[in-house]
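One structure is given here, and the rest of the page talks about it.
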Amino acid sequence: MAMARPHSAGELDAVALETALLETWKQENAFRASIDSNGNGAPFIFLEGPPTANGKPGIHHVVARAYKDLVCRWKTMEGFRVERKGGWDTHGLPVEIEVQKRMDLMSNEAIEAYGMDNFNQACRDSVWTYESAWREMTERMAYWVDLDNPYVTLDNNYVESCWWAMKQMFDKGLLYRGHKVLPYCPQTGTSYSSHEVALGYKEVEEPSVYVKFKLIDDDASILAWTTTPWTLPGNVGLAVGPEVTYVRVRITEQAENWIGAGGASDGEEVILAKDLMKDVLRHNVEIIEEFPGSSLVGRSYEPLFPDAVPRGESTTAWTVLEADWVTTTDGTGVVHTAVMYGEDDYNLGMAAGLPAYHTVGMDGAFLAGTHPQLDGRYVKECDQTVIELLSAKGGSNGKGPESGLLYREKSYLHDYPHCWRTDHPLLYYAMDSWFVRMTAVKERLLEFNDGVEWAPEWVGEGRFGEWLRNVKDWAISRERYWGTPLPVWRDDEGNMKCIGSIAELQSEVAKAVAAGFENPECPDDVDLHRPVVDGYTLVSDDGKPMHREPFVMDCWFDSGCAPFAQWHHPFEGKETFDASFPVDYICEGVDQTRGWFYTLLAVSTTVFDQPAYKRCLSLGLILDAEGKKMSKSRGNIVDPWDHFNREGADATRWYMVTAGAPWNPLKFDSNGVRETYAKMFLTLWNVYKFHADYAALDGFDPEQSTSDVASRSSLDRWILSRLATTANNYHADFKQWNFHKACRDLEEFIVNDVSNWYVRRSRRRLWDDAETSDKVACQHTLHEILTTVCRLVAPVSPFMVDVIHRNLTGKTVHQAAWPLGIPGSLDGATADEWDEEAAAETANLPPQDMSLEATMALVRELAEVGRRIRVEAGRRQRLPCAQGWIVSGPDMAEFHDILAEELNVELIEVENDLDRFQQIELAPNFRALAPKARSEVNAVAGEIKNAGDPTAMLASIQAGTCEILGVAIEESDVEVRRIEREGFAASTVTIGQGDDAQQISLVLDMNDTPDLLSKGLARDITRRIQAMRKDLNLAIEATIDLEIWTKDAPEMFEQDRQWIVTETRAAAAVFHSESSGAPSNAEHFEVDGTTVWFTVQ
RNA sequence: GCGCGGGUAGCUUAGUCGGUUGGAGCACCCGGCUGAUAACCGGGAGGUCGCAGGUUCAAGUCCUGCCUCGCGCACCA
């Protein structure tokens, strides 16, 4: 390994390279070794958001993992110790649904008939279905994470930690039992999470009804609207907006063409929001009175179905209540409130003390005692009956007007949630549920969130901040089977115990047994899942039996416990936990904002009164090439292996990072991966190959020979300066989370500066057989560029650069130091703070020379300009020009040779007499001119632009005597541009901006001389012969025998013939100045009227 | 419906404090160059900067409204 002498590089096969390297890494235990190499480094704590192995991984998972890996590898190279424990999310509804579908257990009854233990076992097995697929993907993409010792949310230890956390909340009074209105399917007996509900929205047309609520002690009725007539028996209140204006109107004239049921008699009076009169009323009416909603509050009305709901203790039942969310966008401005069947209704009912009783059972049928015609019937089939009952004379309660209690019916088209399994409409239904009182810790949540470094900031401040500012209590229980069971036992009187550990469970079971309640054994390794834990009956302090609340927890609670449950805190791993909380870095898709990002913070705040993480990178959604979200149902998920097996993981990862900002949606384009491969990696490989091949040929050993940077050529010092500049920017962008910018710039540097300029310009330097100092300097330069580039690329795309780095230095890049310093290795450093100065001293970059960089930029621009001149003048590149002049601009004498070669010009000189080639042109500077000229600016600008004699105008401006349309023109008001005079093959470029702008011109001599024509012909012939050599697959050092015939050729001088011989490695060469004698199989070509035949042997 | 983020060439995208000629890359066409790689260089074609107003001497950029895509929230009487 110590041998650092590079061997030559072969042709690139990225996939073979990567798979072979994976094997090497495995053998060397490279991941572990990279962490341990920073054994004394400051810890940088990463927390893996646990994926579920319940489905096959797609390319979108690769993206998230790429960013996790990138930061961890980067920080490792900076000297930090970055442990990466893997994790798996194994509980929850998705698992159950998968199993239910597979085993055709589509209802709770079916599951229970099958046996909860069998069902949960099936779930337990199911979660590992794709584990190997995940593992293979993870390894292949080189996401370094410890999958051999992951945390798994179904593990007893993990569950025990969750129980402990729950008990902390319970003891703090943050856990409570209540109701939550949830979309519920009576057929399957389950309620649904919002995610599933979202799957089942369907547009349906249903009857909506306008109902009269007859006031007590008043002849008028209040009109309210509902789209769910089945909730009307449960009505116990009416909500009005206190600020909304209502009117009391009297029916003056019957409506024509009445459709459907309902109606009102002349003289009848109703109350509704003024804004909605036109939409609601079909009759002609007169307004009797106008008043704000607040004056209606407290009025009592007759219950529609007097027997349906008992009044109980309520003093507010069947009265008008105020609610600020009531609007006049639809309905009547009065909201019918059935406490148990709407979220707003429920919250209002709880706040106002309305009676909370069901009129509908869990089976979706009206409870007995609601109304003789409704009892026991499925609610969705009762719409018509309800309408008929209301329409009857006097209405359903017999206390309404002659015309009944229905004012109107109207069909209503809306999106309504349906069961995605049975297609039945869901009912919003108040269920028993457990809550974490997040509203009690809202201020702390906000405070902790303020301390998080979010990338991008707007997710933290905006989306997440908004969510926290509106935080609601967390409905944490699910009436399901496969999950962490809620560790609360309860007796009939509502006494409760929350169990926080296995030991506590054992002691409580023992107590219960002692009190005479039979119980199964409760061993140390008791399975903390259903149905086992349901089997224990505990005893209350009063000696009453307590049964476990039959819920499991929201699986988001599980993953929210990851920071401590992964270590089995507080039962084990206390030191590990203490040293790693809160974590330094998490990274997931933006869809986790209300998911994991929230539950981590929610749990850490309620349990520890601390934040859970310090930095959070929130990634954008991954879309397919058409911009559609990748999802299983769309079937547009890209298989990562398509790319792993074609362009390799390096290119796939680099593409993902460079395709856009991490937080922007990424349109995953397969072509882009290919482009990245061809551009970035093939180029890098060929630069490397260029270096390695010659280094091997010459026996170059970077440790043996030396080359002082200051003494190297300006080309070397330029590329090294560019390297330093690029690396500095790269690092600065990394710190800003701008990985896309960093990597785009680095790629640009490799392709443009290194490959297309430095290597191209340096090729001949290495052809020299002798051990010249210039050749050694070039080799050192290439060596330094490549090793540094490898280190910069390594966190993003870890394969190829490791192969290169190993060959060039004998060491893996993944234990190499970050070129910009290793702050993590400094004494006293933490993940958040270190001595910047000391860190800067550990950086390892060549010196920067910005003026050299600027000069080279100009040289390259002039080279481009020169080529453009040739194209425009129709002069072929191989025919030399006798002379070129550079007019004005900075001194770049040291690059005249390069320019001469690039442009195929014999001599480059500086010419100071601008006017020999150029004249000036004036352009207005709007920024300076506008404040002075105001509205005349365009007129003034026009005068300047179209000046008949710009030279004279400039002189007058410089003399301070120029005035246009009353505006005094100063030098700063105009921009002087130089354009070449007619007849010159010339072109002008501008460098710099504003006051520093300079015009530089390049002029080429287009005259031919015998000497030039000879050289040009020689170059053309050489080029053809080289192409032939290539076609014949000759080795670079092979020699040839050459014979050449020409016709109508310019004279070719001896030194040019010799040049051909040298360039083409001709051992023997015969030149004929006529065409006769050329064999018919000779290659021939024509250039500028000359024909040439040649043979190569 | 509300909130957030987008809409720039056929595709992917850059565009700073508003400054008059909106840059790249891919693909395409023409030419050049090549012991230089799936390359390189020059040129060309391709843009109503989503639409409509407004502010301004000047708008891709600022303001308003609308359309559209994605995401989140809500679907609510």
Side-chain angles (χ1 to χ4, degrees), chain A residues 11-12 194 197-198 201 208 224-228 231 238-239 323 325-327 329-338 342-345 414-417 428 456 458-459 462-463 466-467 470 589-591 593-594 620-621 623 625 627-629 658-660 663-665 667 669 671-672 674-675 677-679 681-687 689-690 740-741 744 747-748 751 755-757 759-760 763 767 863-872 874 876-878 902 904 923-931 933-941 1023 1026-1027 1029-1030 1034-1036 1063-1065:
Chain A
E11 292 302 317
L12 178 61
S194 56
V197 174
Y201 273 98
S208 72
W225 180 62
T226 181
T227 55
T228 49
T231 61
L238 293 173
W325 42 262
V326 175
T327 61
T329 49
D330 46 17
T332 65
V334 180
V335 178
H336 141 66
T337 300
E343 192 172 352
D344 283 336
D345 306 46
H414 65 154
D415 288 333
Y416 194 84
Y428 283 89
W458 55 261
V459 169
R463 185 174 282 216
E466 199 57 36
W467 169 256
N470 297 321
V590 69
D591 48 322
T593 310
R594 269 96 166 162
L621 261 274
L623 314 172
K628 300 274 181 241
K629 186 180 177 177
T658 50
W663 41 83
N664 281 342
K667 270 195 209 173
D669 178 13
N671 269 333
R674 190 176 178 74
E675 219 173 275
Y677 171 76
K679 216 171 159 194
F681 289 95
L682 208 48
T683 304
L684 179 59
W685 183 260
N686 283 305
V687 170
K689 183 166 155 38
F690 173 69
H740 60 306
K741 284 188 184 167
R744 284 169 178 176
E747 180 174 329
E748 185 69 21
V751 172
S755 177
N756 290 347
W757 192 251
V759 170
R760 186 156 68 92
R763 230 160 244 285
W767 291 356
E864 286 176 19
V865 162
R867 289 186 212 111
R868 201 178 304 141
I869 293 171
R870 276 181 174 275
V871 168
E872 282 162 10
R876 69 182 211 274
Q877 182 70 27
R878 291 193 203 91
E902 283 292 320
N904 196 12
N925 177 2
F926 281 85
R927 198 188 279 269
L929 225 39
R934 314 287 295 175
S935 59
E936 297 290 345
V937 67
N938 284 323
V940 174
R1023 140 95 182 98
Q1026 302 289 37
R1029 285 186 62 116
K1030 204 173 178 182
L1034 295 181
I1036 289 177
E1063 282 293 304
T1064 61
R1065 287 189 176 251

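Treat the numbers as computed from the prediction; the structure is a model and nothing was measured. Side chains are part of it too, since the values below use all heavy atoms of this structure and drop only hydrogens, waters and symmetry mates.
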Notebook entry, point to check: Atom NZ of K667(A) to atom P of rU13(B): distance rounded to whole Å?
Noted result: 6 Å

Check: For the side chain of R744(A), counting heavy atoms from C-beta on, which of rA38(B), rC75(B), rU13(B) is nearest?
Finding: rU13(B)

Note to self: What is the distance, to the nearest angstrom, from the CG atom on N671(A) to the C1' atom on rG25(B)?
What the structure shows: 13 Å

Check: Residues in ring-ring contact (aromatic ring centres under 6.0 Å, His included) with W467(A), at least two apart?
Finding: Y598(A)

Note to self: Using the P atom as the point on both nucleotides, what is the distance between rU61(B) and rG50(B), in whole Å?
What the structure shows: 8 Å

Checklist line | Atom-to-atom span, NZ of K741(A) to P of rA24(B) - whole angstrom | finding: 19 Å

Next item on the list: Between rA24(B) and rG46(B), how far apart are the P atoms? Round to whole Å, please.
Entry: 16 Å

Item checked: Anti or syn - rC17(B), cut at 90° from 0 -> syn

Item checked: Residue R674(A), side-chain atoms from C-beta onward, closest of rU37(B), rA77(B), rA38(B) -> rA38(B)

Item checked: Non-hydrogen atoms of W225(A) and G331(A) that approach each other most closely -> CE3-CA, 3.3 Å

Next item on the list: Tell me which nucleotide among rU37(B), rC76(B), rA77(B) gets nearest to the side chain of T227(A).
Entry: rA77(B)

Note to self: Within a 6.0 Å radius of atom CZ on R744(A), are there more than 12 heavy atoms belonging to other residues, nucleotides or ligands?
What the structure shows: yes

Next item on the list: Specify the closest pair of heavy atoms between P417(A) and Y428(A), including all atoms of both residues, with the distance to one decimal.
Entry: CG-OH, 3.6 Å

Check: Can you tell me how far C1' in rU55(B) sits from the matching atom in rG65(B), rounded to whole Å?
Finding: 15 Å

Next item on the list: Kindly give the heavy-atom pair with the smallest separation between V459(A) and V590(A), and that separation in Å.
Entry: CG2-CG2, 4.2 Å

Next item on the list: Identify which nucleotide among rG5(B), rU12(B), rA38(B) has an atom closest to any side-chain atom of N664(A), counting heavy atoms from C-beta outward.
Entry: rG5(B)

Next item on the list: Choose from rC75(B), rA38(B), rU37(B) the nucleotide whose nearest atom is closest to any side-chain atom of N686(A).
Entry: rU37(B)

Item checked: Upstream residue (5' side of RNA chain B) when T337(A) and L684(A) are each assigned their closest nucleotide -> L684(A)

Margin query: The side chain of R763(A) is closest to which nucleotide in this list: rU37(B), rC75(B), rA77(B)?
Written below: rU37(B)

Check: Can you check the W685(A) CH2 to rA38(B) P distance for me, whole Å?
Finding: 15 Å

Item checked: Interatomic distance at P, rC57(B) relative to rG25(B), whole Å -> 38 Å

Notebook entry, point to check: What is the minimum heavy-atom distance between S755(A) and V687(A), and which atoms define it?
Noted result: CB-CG2, 3.7 Å

Notebook entry, point to check: W467(A) has an atom CH2; how far is it from atom C1' of rG3(B), in whole Å?
Noted result: 13 Å

Item checked: Distance between P atoms of rC51(B) and rU56(B) (Å, rounded) -> 23 Å

Next item on the list: Please list every stem that involves RNA chain B, where a stem is a run of 3 or more consecutive Watson-Crick or G-U wobble pairs with both pairing distances under 3.5 Å.
Entry: B:1-7 with B:67-73, B:10-13 with B:23-26, B:28-32 with B:40-44, B:50-54 with B:62-66

Margin query: I need the Y677(A) OH to L12(A) CG distance, nearest 0.5 Å.
Written below: 4.0 Å

Margin query: Just to be sure I understand the rule, does T683(A) reach a base, reach only the sugar-phosphate, or reach nothing, if contact means heavy atoms closer than 4.0 Å?
Written below: base

Margin query: So, OP1 or OP2 of rU37(B): does either fall under 4.0 Å of a side-chain N or O from K689(A)?
Written below: no

Next item on the list: Under 4.0 Å between any heavy atoms, over every strand shown, what does Y428(A) touch: base, sugar-phosphate, or nothing? Just pick one.
Entry: sugar-phosphate

Margin query: Taking the P atom in each of rG42(B) and rG47(B), what is the distance between them to the nearest angstrom?
Written below: 23 Å

Next item on the list: Counting heavy atoms from C-beta on, name the nucleotide in rC76(B), rC75(B), rU37(B) closest to the side chain of D344(A).
Entry: rC76(B)

Notebook entry, point to check: Mind checking the C1' distance from rC71(B) to rG31(B)? Whole angstroms is fine.
Noted result: 48 Å

Notebook entry, point to check: If the P atom of rG3(B) is compared with that of rC26(B), how far apart are they to the nearest Å?
Noted result: 42 Å

Next item on the list: Return the nearest nucleotide to the side chain of S755(A); candidates are rU37(B), rA38(B), rA77(B).
Entry: rU37(B)

Checklist line | Residue Y677(A), side-chain heavy atoms: nucleotide from rC40(B), rU37(B), rA38(B) that is nearest | finding: rA38(B)

Margin query: From the set rA77(B), rC40(B), rG25(B), return the single nucleotide nearest to any side-chain atom of E675(A).
Written below: rG25(B)

Next item on the list: Could you tell me the separation between the CD atom of E902(A) and the C1' atom of rU34(B), rounded to a whole number of Å?
Entry: 12 Å

Checklist line | Residue whose closest nucleotide on RNA chain B lies nearer the 5' end, L12(A) versus E748(A) | finding: E748(A)

Check: Do the side chain of T337(A) and the main chain of V335(A) share a donor and acceptor less than 3.5 angstrom apart?
Finding: yes

Next item on the list: Starting at atom CD of E747(A), determine the distance to atom C1' of rU12(B), rounded to an integer number of angstrom.
Entry: 13 Å

Notebook entry, point to check: Which value, rounded to the nearest 0.5 Å, describes the distance between E675(A) atom CD and D669(A) atom CG?
Noted result: 8.0 Å

Check: N904(A) CG to rC40(B) C1': how many Å, rounded?
Finding: 17 Å

Margin query: Can you give me the closest heavy-atom contact between L238(A) and H336(A), atom names plus distance?
Written below: CD2-CA, 4.0 Å

